[in-house]
Protein chains: 2
Amino acid sequence: MDTTVAKGLAVLAHLARAEAPLRLSQVAQDLDLQKSNTHRLLSTLSELGYVRKEPETGRYAPTLKIWELGACVISAHPAKRAAAPYLQELHRITGETTTLSLLDGHQVLVLDKIVAPRTLRFTSRPGSRVPAALNASGLAMLAQETTPEPLIRMALAESPHGRDLAAEDILAELEVVRGRGYALMLKSKYTPGVVGVAASLPTRDGHARAALSASGPAERFTGAHLDEIIEAVRVIAARVANATGPI
Amino acid sequence: MDTTVAKGLAVLAHLARAEAPLRLSQVAQDLDLQKSNTHRLLSTLSELGYVRKEPETGRYAPTLKIWELGACVISAHPAKRAAAPYLQELHRITGETTTLSLLDGHQVLVLDKIVAPRTLRFTSRPGSRVPAALNASGLAMLAQETTPEPLIRMALAESPHGRDLAAEDILAELEVVRGRGYALMLKSKYTPGVVGVAASLPTRDGHARAALSASGPAERFTGAHLDEIIEAVRVIAARVANATGPI
DNA sequence: GGACGTCATTCCATTATATGGAACGATCCG
DNA sequence: CGGATCGTTCCATATAATGGAATGACGTCC
């Protein structure tokens with residue numbers, strides 16, 4: 001274990017996740033490092049171009065270099081590449097915000113998103129994580145037949161199921177999702193007022209789980225429009241399954 | 001200079017930029033490291049979750065963790081946040097692929113892109129870099145009045161101007177761009193068959209340079225449609241300039 | 001305006017730690 | 001079956017990271 005590498009990446013990650021540039025002593029305190037140590041780590045990261053020291057404030061901010069690296073990784077990601085046209089088409093048909101997600105452990109990782117040109121309400125940012133049990137895409141992926149039982153248990157355990165979100169309810173909901181082939185989250189606990197419709201996608205390797213979703217404000221997701229959206233999600237997911245190769 | 005951090009990040013960056021998973025000895029050879037050293041670096045990166053060793057092939061591949069970090073950085077980027085609605089609207093009006101770019105040194109860095117729903121031809125990937133002098137967005141940014149002379153010289157020097165792309169021609173073109181307020185690249189040397197229309201955006205801090213562009217196949221970028229596109233680019237760039245705050 | 005506190009930076013002796021060579025199996029290929 | 005390449009482990013060595021102290025700059029509060 002190269003501890004210096006671990007520290008350097010911890011500093012970089014800390015700056016990336018911070019909402020604003022950080023002072024040296026702040027970083028040192030947050031990560032429990034010595035000031036002199038932090039100083040050298042930040043200096044080397046600056047030399048390497050991953051970090052920039054603001055001349056005015058003296059604070060440190062990440063540059064776009066990590067993002068450039070990450071962009072290489074995501075653009076090469078097989079699921080993202082394969083699903084991109086379907087994500088696009090679902091957006092074209094429904095006119096709503098559509099997302100492509102992966103199940104990573106007990107969390108939903110948002111891979112890609114096309115936002116509705118309308119007034120954009122809450123939109124989950126690509127790269128963000130959401131508890132699987134609180135999200136239409138998460139339910140769709142958990143409901144896949146190939147999902148091992150322990151993974152579902154873990155996802156339920158990790159989700160903040162309080163008074164109005166019992167584990168039994170979610171398990172029952174998963175049964176429903178499995179039966180009809182898509183997940184519908186009308187009353188989201190995670191993002192109130194947002195309705196999501198999602199279907200899981202078959203993946204080349206069985207252990208990866210992916211889902212497509214369309215989501216938007218509850219006021220618009222009713223009646224005939226909602227029926228259209230559900231139908232579009234089902235049709236496109238089925239088309240992925242019947243395509244030349246799965247995701 | 002923490003050399004171990006530099007090596008670790010070099011390994012990570014190398015894996016990220018590689019088009020396929022790499023074997024250990026390949027990484028060691030490419031980066032001129034010892035095998036045992038590379039082994040430990042890859043092990044620590046795996047422990048930290050930035051790298052995964054494929055069980056089947058034994059090769060190493062980057063995980064999505066770097067991408068997640070990069071997504072945090074880009075989503076917090078002020079220019080990207082501020083320009084997103086304009087990028088969206090330019091796409092809505094023109095129906096073509098639109099991009100938001102920054103000038104970083106003598107290169108254009110593509111920040112964001114909305115692809116045309118039509119058959120997608122060549123599309124520059126977000127995170128990719130293009131020589132500034134070979135690209136409509138690059139010309140628009142170089143033509144800004146605030147661009148220092150040496151930067152233009154450098155951009156020209158770095159661009160592969162051969163027989164049909166003399167430095168004088170580009171300088172003359174920059175004059176034209178400066179006069180009419182937008183850049184038009186009809187015969188792209190970098191991506192043949194693609195026409196680009198771009199205008200620079202005013203930025204809060206004078207030294208950052210940003211541009212919006214619409215681009216697509218040469219066959220479609222003619223006559224009235226091209227005029228519409230040019231007008232849309234001009235109008236939206238002007239709207240940014242007159243907005244509450246610049247980018 | 002002066003004094004205090006916080007911060008960033010530099011230096012250096014100490015030692016922990018990264019290093020690279022060698023040696024060992026495993027695996028692949030001819 | 002034999003040779004070659006690869007990944008992995010081990011360990012003595014020396015390099016390079018560490019943390020404490022000292023310094024100077026900056027900002028803040030009486």
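In what follows, chains are A, B, ... by sequence order, proteins preceding strands, each numbered from 1.
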Could you give the [atom1]-to-[atom2] distance, from [X] to [N], as a whole number of Å?
X     : N      : atom1 : atom2 : value
B/H39 : C/dG21 : NE2   : P     : 17 Å
B/E56 : D/dG7  : CD    : P     : 15 Å
B/Q26 : D/dT5  : CD    : P     : 14 Å
A/L24 : C/dC7  : CG    : C1'   : 9 Å
B/Q29 : C/dG20 : CD    : P     : 16 Å
B/R59 : C/dC28 : CZ    : P     : 11 Å

| Is A/T147 close to A/M141 at the side-chain level, that is, under 4.5 Å between some pair of heavy atoms? |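 No, every pair of side-chain atoms sits at 4.5 Å or beyond.
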
Nearest 0.5 angstrom please: [X] [atom1] to [Y] [atom2], how far?
X      : Y      : atom1 : atom2 : answer
A/I114 : A/E89  : CD1   : CD    : 11.0 Å
A/S128 : A/L109 : OG    : CG    : 7.5 Å
B/D112 : B/K80  : CG    : NZ    : 4.0 Å
A/R52  : A/L15  : CZ    : CG    : 13.0 Å

Taking only side-chain nitrogens and oxygens of B/S25, does any of them come within less than 4.0 Å of OP1 or OP2 of D/dT5?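 No, no such contact exists.
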
Starting from the 5' end of DNA chain C, give me the residue, A/R23 or A/M1, whose nearest nucleotide shows up first.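 Of the two residues, A/R23 wins.
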
Please tabulate the protein-to-nucleotide N/O contacts below 3.5 Å involving nucleotides 18-24 of chain D, giving atom names and distances.
unit_1: D/dT18; atom_1: OP1; unit_2: A/K7; atom_2: NZ; d: 2.6
unit_1: D/dT18; atom_1: OP2; unit_2: A/N37; atom_2: OD1; d: 2.8
unit_1: D/dT18; atom_1: OP2; unit_2: A/R40; atom_2: NH2; d: 3.1
unit_1: D/dG19; atom_1: OP2; unit_2: A/N37; atom_2: ND2; d: 3.4
unit_1: D/dG19; atom_1: N7; unit_2: A/S36; atom_2: OG; d: 2.7
unit_1: D/dG20; atom_1: OP2; unit_2: A/Q34; atom_2: NE2; d: 3.2

* To do: Using atom types as modelled and distance alone, determine if a side-chain donor or acceptor of A/K7 lies under 3.5 Å from a backbone N or O of A/L31.
  =>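 Such a contact is absent between A/K7 side chain and A/L31 backbone.
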
